[in-house]
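Every chain is numbered from 1, with letters handed out A, B, ... down the list of sequences. Hydrogens, waters and symmetry mates are skipped; everything else that's a heavy atom, side chains included, is used. Because the structure is predicted, anything quoted here is derived from the model rather than measured.
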There are 2 protein chains.
Amino acid sequence: MTRKSEDAGGRSTIRDVAARAGVSASTVSRVLGGEYPVSSATRTRVMRAVRDLDYVADARAKAVAGVGTPTLAFVLEDITGPSFALMAHGVEREATRLGHLCLVCSTEGDVEHELEFVEMMRAQRAAAVILVGGAADTAEYRARTRRMADSLASAGSRLVLCGRPTLGAGAPVTVIEYDNEGGAFALVAHILAQGHRRVLFLGGKADHTTAQGRERGYLAAHRARGLDPDPALLLHGDFTRDSGHRLMRGALKNGLDFTAVVAATDMVAAGALTALHEAGLEVPGDVSLAGYDDIPFARDLHPALTTVHVPYEELGRLAVRTALGRTPETPDEHLLLGTHVVVRDSVGATGS
Amino acid sequence: MTRKSEDAGGRSTIRDVAARAGVSASTVSRVLGGEYPVSSATRTRVMRAVRDLDYVADARAKAVAGVGTPTLAFVLEDITGPSFALMAHGVEREATRLGHLCLVCSTEGDVEHELEFVEMMRAQRAAAVILVGGAADTAEYRARTRRMADSLASAGSRLVLCGRPTLGAGAPVTVIEYDNEGGAFALVAHILAQGHRRVLFLGGKADHTTAQGRERGYLAAHRARGLDPDPALLLHGDFTRDSGHRLMRGALKNGLDFTAVVAATDMVAAGALTALHEAGLEVPGDVSLAGYDDIPFARDLHPALTTVHVPYEELGRLAVRTALGRTPETPDEHLLLGTHVVVRDSVGATGS
DNA sequence: CTGAAAGCGCTAACAA
DNA sequence: TTGTTAGCGCTTTCAG
């Protein structure tokens, strides 16, 4: 019978190990630390005790003592969304590659929850907090996000916006974005080049920056050709399959005239495609269809979806690398990743 | 100029706050703790200091002192897989609901990595470690997993197997599974009831328990009807879209005779569907097709995929609830969740 | 090479 | 109501 729960398996401490090996706690610490010179006899005895007790140093205590495993946190709305999942994957991989632990939090769109979580991460002394995914760019958003940024910065941490609306200058944030407008421009230019002139746009929420960027690209591509799209062809909804389905069905019912449709996201495109099928329309025979995001499933639709590729994983990886590669003197960084069209089978020429 | 980085925003400690408020550290602790009686004058001064310094107590230190936020970890192969994502979502939501922080780790199938991570979680004193998703049930798997289970148990933590092969009796694990065989049985029975007699099975890896369960169901459904499926109709691959595509194309090229096909997963079904389309075959007109998992995208395929619903989110939620709801005396639990067929449009009657 | 002692940031038992 | 003193589990001077 020993004083502590030596054999019982419970959490044994460094002192238990020391006692069992007949040395001091410092010695155990040194053996486990690796670097420090220790006589091989002692080392053996200590290691044996460690094994016997199945001892693992408490990471939290190490952290307090200043030698913990660094941690990084990321926050997203819902890991179930394919593009979120891709970014999360990038974040997670890069974080572990750089030896960091990864804390996650789904907000389900709840702003309060997001705030609370960021505060917890500050308490955890997370090296950085990455906010993943789009949001509405309102004054309230900016104020709130700015507050989080300052709060983290003042605690020696860092806020990273990954695919989110930038804050004004002066905010201590790192932002990694991608080119929504450019991708949409290229995509719509491609469609116009196929001879289409009435292109329906199934957009997202009006105040969502991602949706806005894509819409701007749609407009710009028209203007670049001297075209002026019919405002009636610009529909708004959100980024879900249901929204695409509903919008498309409505357009069809209203007898809207168009030969191609561009959806704000691949999910929206999937919903629209279903509606098209239900109406007995052929894609791309009767109407062409394109999406945005290039989620893995885009290629599984029939016909395989022409869309815009967004380097989501890379976005996540870069968010981590940029945030962790900073020194206090590093100026705030703002990266913009490129996007490009992936031509598959859902867009055809007019009258073909 | 004060001694510490009071205004500079750096990490201020409870002592900084105490000094600024002219009280002792314990008083600050009590004010922040909430419960303890403190004169409202002091409380105000302390709160002011806290605000001025933008102070947040170090969660790691609290943890060492015995009052930390509990943490829970989950490990999966790749968050990008739709069913993994669903389970992760369930885990995450339930964990935060129960006030736990959530650590994640993707293993990318690397066993070493998984082991390392579990060890880290033991060091972090995670309340439980949830291993999510199927695996090959080899002797090596059992030994390794058993070791992890013992190691965690001996540290007062807990290993949870969520949708993974059970260990033999006596292992300190909680397992939450779902009924692979039952679902496959029901699905294939449904298909046979439509008059199909030659049903191709696009299976997964031969030693993967999930794949095995589904295959058993396929076989059992035949036998229940006094049928004896042609062994040539049993193909093996893995759980990817590519596997489904490859297998299907091969079957078609070899002139295999069948009127329906059951894929081991919806992903496999998606690949198979593409191959069928490429071959100019109509689904379900020429051949019927069914999947397994009921991932969200199953309904976006055309035709919408008939499949087996697996309550993945629920699985994740239950894993957490079961693991955290334990006392040391709780017997090891083993839950088996039901699955059911979701009839959509990809299966038709023979000759229809 | 090894041990004693101090310290990390916080809480809690004990006095006052 | 408040301050003092231990103590959580670990690391790291500082002396031998």
Self-check item: Spacing of B/L53 atom CG relative to C/dC10 atom P, expressed in whole Å
Solution: 11 Å
Self-check item: Euclidean distance, atom CZ of residue A/R60 to atom C1' of C/dC10 [Å, nearest integer]
Solution: 13 Å
Quiz prompt | Residue mapping more 5' on DNA chain D - nearest nucleotide basis, B/T27 or B/A61 | solution = B/T27
Quiz item: Within a strict 4.5 Å, meaning less than it, do heavy atoms of the B/L101 and A/Q124 side chains meet?
Solution: yes
Quiz item: What nucleotide, of C/dG3, D/dC8, C/dT2, holds the atom closest to the side chain of B/A65?
Solution: D/dC8
Quiz item: Looking at the side chain of B/Y36, which of D/dC10, D/dT2, C/dT2 is the nearest nucleotide?
Solution: D/dT2
Exercise. Determine whether A/L32 and A/M47 make a side-chain contact, defined as any pair of heavy atoms from C-beta on separated by less than 4.5 Å.
Key: yes
Self-check item: pair B/D58-B/K62: side-chain heavy atoms closer than 4.5 Å
Solution: no
Practice problem: Show your reasoning for whether side-chain hydrogen bond (donor to acceptor under 3.5 Å, both in side chains) applies to A/R122 and A/S151. | Solution: CA-CA 8 Å; A/R122 201 157 78 101; A/S151 152; 2.9 Å; yes
Quiz item: Are any of A/K62's side-chain N or O atoms less than 4.0 Å away from OP1 or OP2 of D/dG9?
Solution: no
Self-check item: A/E313/A/R93 salt bridge by N-O under 4.0 Å criterion
Solution: no
Practice problem: Kindly point out which of C/dC1, D/dC10, C/dC10 is positioned nearest to the side chain of A/D58? | Solution: D/dC10
Exercise. Could you tell me whether the side chain of B/R125 reaches within less than 4.5 Å of the side chain of A/R60, counting heavy atoms only?
Key: yes
Self-check item: From D/dT2, D/dT4, D/dC10, nucleotide with atom closest to A/Y55 side chain
Solution: D/dC10
Quiz prompt | Whole-Å distance separating the CG atom of B/L32 from the P atom of C/dC10 | solution = 9 Å
Quiz item: Taking five pairs at each end of the helix from C/dC1-D/dG16 to C/dA16-D/dT1, what angle separates the two helix axes (nearest 10°)?
Solution: 40°
Quiz item: Looking at D/dT1, C/dG3, C/dG9, which one has an atom nearest to any side-chain atom of A/R30?
Solution: C/dG3
Quiz item: So what does B/S24 hit on the nucleic acid, given a heavy-atom distance under 4.0 Å: a base, only sugar-phosphate, or nothing?
Solution: base
Quiz item: Closer than 4.0 Å, any side-chain N/O of A/S39 to the OP1 or OP2 of C/dT2?
Solution: yes
Quiz item: For the pair made of CD in A/E35 and C1' in D/dT12, what is the distance, rounded to whole Å?
Solution: 14 Å
Quiz item: Heavy-atom distance under 4.5 Å between the side chains of B/L76 and B/S106, does that happen here?
Solution: yes
Quiz item: Within this structure, what is the CD1-to-C1' distance between B/I14 and D/dG7, rounded to whole angstrom?
Solution: 15 Å
Quiz prompt | Nearest heavy atoms of B/I79 and B/A85, plus distance in Å | solution = O-CB, 3.6 Å
Exercise. Go through C/dC14, D/dC8, D/dT12 for me and flag the one nearest to the B/V64 side chain.
Key: D/dC8
Quiz item: How long is the line joining CZ of B/R15 and P of C/dC8, in whole Å?
Solution: 6 Å
Self-check item: Value in whole Å for how far the C1' atom of C/dC8 lies from CZ of A/R125
Solution: 12 Å
Quiz item: So does B/S26 get a side-chain nitrogen or oxygen closer than 4.0 Å to the phosphate oxygens (OP1/OP2) of D/dG3?
Solution: no
Quiz item: Would you say B/S29 reaches C/dT11's phosphate, i.e. side-chain N/O to OP1/OP2 under 4.0 Å?
Solution: yes
Self-check item: N/O (side chain, B/T13) to phosphate O (OP1/OP2, C/dC8) under 4.0 Å
Solution: no
